[in-house]
S.K.: 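Just passing along the structure, written as structure tokens.
Numbered from 1 within each chain, the chains take letters A, B, ... in sequence-line order. Small disclaimer: the values here were computed from a predicted structure and weren't measured.
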Amino acid sequence: MTALEASGRSASPAVDSSSAAGSRPVTPASEHTRRATVRKWAEIALFVGPAMVLFLTFVVYPVVSAARFSLYKWNGVSQFSDAEFIGLENYARALFGGTDPVTQQAFTTAYSQPFWEALSHNVAIIFLSMAVQLPIALIVALTLNRRFRGRAFTRVVIFAPYVLSEVIAGTMWLIIFDPNGIATELMRSVGLDMPAGGWFEDQTWGFWTVFFIITWKYVGLAIILFLAGLSGVSEDLQEAAAIDGASWWQIQWRINIPLIGPTIRIWAFLSIIGSIQLFDMVWVLNRGGTAGQYSTIASYMMEIGFFRADWGYGSAIAVIMFFLSFVIALAYMATILRRDNAHPRKAR
Amino acid sequence: MSVDTSTRATPASSPHRRRQGLLPEGSTYVAVGIALVGVGLTLGPILYLILGGFRTQGDLAANPTGLPDPWMWQNYWEILSQPLFWRQLLNSTLVAVATTAGVVLFGTMAAYPLARYSFKGRELVFVIFTTGLMFPLTVAVLPLYLLLRDMGISGLWGLVIPQIAFGLPVTIIILRPFLAALPKELEEASFMDGISRIGFFWRMLLPLARPAMVTVGVLAFIGSWNAYLLPLLLLTGDPAGMTLPLGVTTFQGQHSAATTMIMAYTSLAMLPALAFFLLMERRIVDGLTGAVKG
């Protein structure tokens, strides 16, 4: 606890000044109310202070630092004050190999291509999640949204992978998809074989193996969210439709799916942001692949920034990643989520 | 494959509906079929992993699809009789408990004035916290590593403190509306009895907010328990100082030839999380759906 208290105390002036600034416009009518006001602000500072100090110190400050580091050429070992300021060169290096004509060719191969390749994997995962996980989750949720023996058990089991750590799930699948493992055995038993280069190492199929694992790990969240949404759909509506002769599929299409639209759209939002920031699973699965065949921006950032000690460049990648999630989040909120907030009770 | 089975729901559902005269529910067979496929795909790999821990290396190669033959307890016994696994289990538990306590305590404290005081700048403070949702750990992790190094915060505290900080935004966002929904009369009555606001917080608010605190606490606990990125950077070196996820990958690296040992180690590392999940399943689901709706 001591470290925590010390860090809290060292940064506490920030809180004091904010509360003092807030209380300035208050003109005390009497000594009594003035003391009450001071006391109120002291209480607010006491309650909000620790959280605010922790948040500013360990969340906001590092993010701002990343933006600062990204403008320097720095290896993280030497003093940062000795680092060379290079402006936006790190960004240029990632996006198109840098502005120096001498090194541009080499840097394009060494830095820019892996960056775009990693980004293309993130984008592919975003779209594949919508194309594969969404239909699977909808079908499972819609069919499980009824009473049958073992329903509670099924829900618990299907959701379990989401709660397991990426490391454990990843290690498990590494063993299953070992070239000599059970997956190969099963494929051979039906007369097929594993992908030519191996489940993970194959240049084409490695990505799909990883996407399969990601789906296994995360589709349970979508199912649980959709089931929670479906439990809120009024049975009267469905009964009314049934009396009018609607079939099971019509009821799903016309009533249930539109009514859980807000849930679907929020899931899609979480899925997109999660796809951009995907790291743990990819890293556990051989650090994005030996040739980066399923690298992501985050795994690329760690590979270069931390393990190859190119902190300025790694920070630039981090800022690009933040920028992407930020822009996508804002765009998504402004366009798709806005109508849900504007008409929270209406489906369309 | 699942598409095929579910399209059959339409013809099968009609007689079902007519018989019951109520909702057309689709065929029970289809639902059970999909349930079985889902359960099989989920549990199959996990069971394979746990059973693999009971195999000999030769058995795994020769007969990967059958039951272990012979059943061998040695892998599990070897891991459980060494202190390393228990140390990592303890480390993970300590970090998760401390993180949860910190997130819940500081999060509730911060949410209280944001929900129940009216003061200038209240919305600004709330917005500052909510921006935290857009700062993922991945973006901040390199500078965070340097910051912790410069501050001399190392080991498990180096995990706990940033994890609390990163857990605060979602905690405050979930707790604020919950606290705001408690009736105003509670405060009035307490103040008339001469209880201060701080006394009200400890004696009235904390007990009343328990359900929401458990929800955010469970989410913080799982997040900490599964955390990988920060431990990867901070807990290098001695495996006895690692948390379980990092311990699993380190063990895997050191015993790459002994697959069945890795399977046993991974299974053991998985069990506490599965047990916790089974105990708290309701809370976890409520927390996640609540976080999404709120």
S.K.: Let's test your reading of the structure: which of B:S267, B:A165, B:G132, B:A98 forms the most heavy-atom pairs below 4.5 Å with chain A?
M.R.: B:A165
S.K.: Select one option (side chain, backbone, both, neither) describing which atoms of A:F306 are under 4.5 Å from chain B's heavy atoms.
M.R.: both
S.K.: Name the option with the most non-hydrogen atom pairs under 4.5 Å to chain A; the candidates are B:L146, B:V160, B:L168.
M.R.: B:L146
S.K.: Given the options B:G33, B:A35, B:A111, which has more heavy-atom pairs under 4.5 Å with chain A than any of the others?
M.R.: B:A35
S.K.: Please state whether the side chain, the backbone, both or neither of B:L36 comes within less than 4.5 Å of a heavy atom of chain A.
M.R.: neither
S.K.: With a 4.5 Å cut-off on heavy-atom pairs, point out which of A:T154, A:I224, A:I44, A:V60 contacts chain B the most.
M.R.: A:I44
S.K.: Quick one: of B:G38, B:G152, B:A273, B:P136, who has the most non-hydrogen atom pairs under 4.5 Å with chain A?
M.R.: B:P136
S.K.: At a heavy-atom separation under 4.5 Å, does A:D280 approach chain B through its side chain, its backbone, both, or neither?
M.R.: both
S.K.: Side chain, backbone, both or neither: which part of A:R149 has an atom under 4.5 Å from a heavy atom of chain B?
M.R.: neither
S.K.: Heavy-atom distances under 4.5 Å only: say whether B:I198 touches chain A with side chain, backbone, both or neither.
M.R.: both
S.K.: Identify which part of A:I273 has an atom lying under 4.5 Å from any heavy atom of chain B, answering side chain, backbone, both or neither.
M.R.: neither
S.K.: Check each atom of B:F166 against the heavy atoms of chain A and say whether the ones under 4.5 Å are side chain, backbone, both or neither.
M.R.: both
S.K.: So, A:F159 versus A:Y162, ring centres under 6.0 angstrom or not?
M.R.: yes
S.K.: What part of B:L148 gets closer than 4.5 Å to chain A, counting heavy atoms only: side chain, backbone, both or neither?
M.R.: side chain
S.K.: Taking side chain as everything from C-beta outward and backbone as N, CA, C, O, which of these in B:R149 sits under 4.5 Å from a heavy atom of chain A? Side chain, backbone, both or neither.
M.R.: side chain
S.K.: Given heavy-atom pairs under 4.5 angstrom as the criterion, report whether the side chain, backbone, both or neither of B:V103 touches chain A.
M.R.: neither
S.K.: What part of B:L142 is in contact with chain A, defined as an atom under 4.5 angstrom from a non-hydrogen atom: side chain, backbone, both or neither?
M.R.: both
S.K.: Heavy-atom distances under 4.5 Å only: say whether A:I223 touches chain B with side chain, backbone, both or neither.
M.R.: neither
S.K.: Given the options A:I317, A:L144, A:I243, A:V156, which has more heavy-atom pairs under 4.5 Å with chain B than any of the others?
M.R.: A:V156
S.K.: I'd like to know if the side chain of A:T296 and the backbone of A:L278 have a donor-acceptor N/O pair within less than 3.5 Å.
M.R.: yes
S.K.: Assign the ring pair B:Y117 / A:F47 to parallel, tilted or perpendicular, where the plane angle (0 to 90°) is split at 30° and 60°.
M.R.: perpendicular
S.K.: So what's closer than 4.5 Å to chain A heavy atoms on B:Y265: side chain, backbone, both or neither?
M.R.: neither
S.K.: Let's test your reading of the structure: which of B:L244, B:T259, B:L233 forms the most heavy-atom pairs below 4.5 Å with chain A?
M.R.: B:L233
S.K.: Less than 4.5 Å to any heavy atom of chain B: does that hold for the side chain of A:F322, its backbone, both, or neither?
M.R.: both
S.K.: Heavy-atom distance under 4.5 Å to chain A: side chain of B:L229, backbone, both or neither?
M.R.: both
S.K.: Measuring heavy-atom distances to chain A, does B:L144 have an atom under 4.5 Å in its side chain, in its backbone, in both, or in neither?
M.R.: both
S.K.: Select, from B:I284, B:I128, B:T65, the one with the greatest count of heavy-atom pairs under 4.5 Å involving chain A.
M.R.: B:I128
S.K.: What part of B:L60 gets closer than 4.5 Å to chain A, counting heavy atoms only: side chain, backbone, both or neither?
M.R.: neither
S.K.: Chain B heavy atoms under 4.5 Å from A:I297: which part of the residue, side chain, backbone, both or neither?
M.R.: neither
S.K.: Where is the tightest heavy-atom contact between B:P45 and A:W216, given as atom of each residue plus distance?
M.R.: CG-NE1, 4.1 Å
S.K.: Counting only heavy atoms closer than 4.5 Å, note whether A:E185 contacts chain B via side chain, backbone, both or neither.
M.R.: side chain
S.K.: Give, as side chain, backbone, both or neither, the part of A:I175 having an atom under 4.5 angstrom from any heavy atom of chain B.
M.R.: side chain
S.K.: What part of B:Y228 lies closer than 4.5 angstrom to a heavy atom of chain A: side chain, backbone, both or neither?
M.R.: both
S.K.: Between A:F279, A:Y61, A:F80, which shows the greatest number of heavy-atom pairs under 4.5 Å with chain B?
M.R.: A:F279
S.K.: When heavy-atom pairs shorter than 4.5 Å are enumerated against chain B, which of A:A160, A:S65, A:P161, A:S325 gives the highest number?
M.R.: A:A160
S.K.: Is it the backbone or the side chain of B:F276 that comes under 4.5 Å from a heavy atom of chain A, or both, or neither?
M.R.: neither
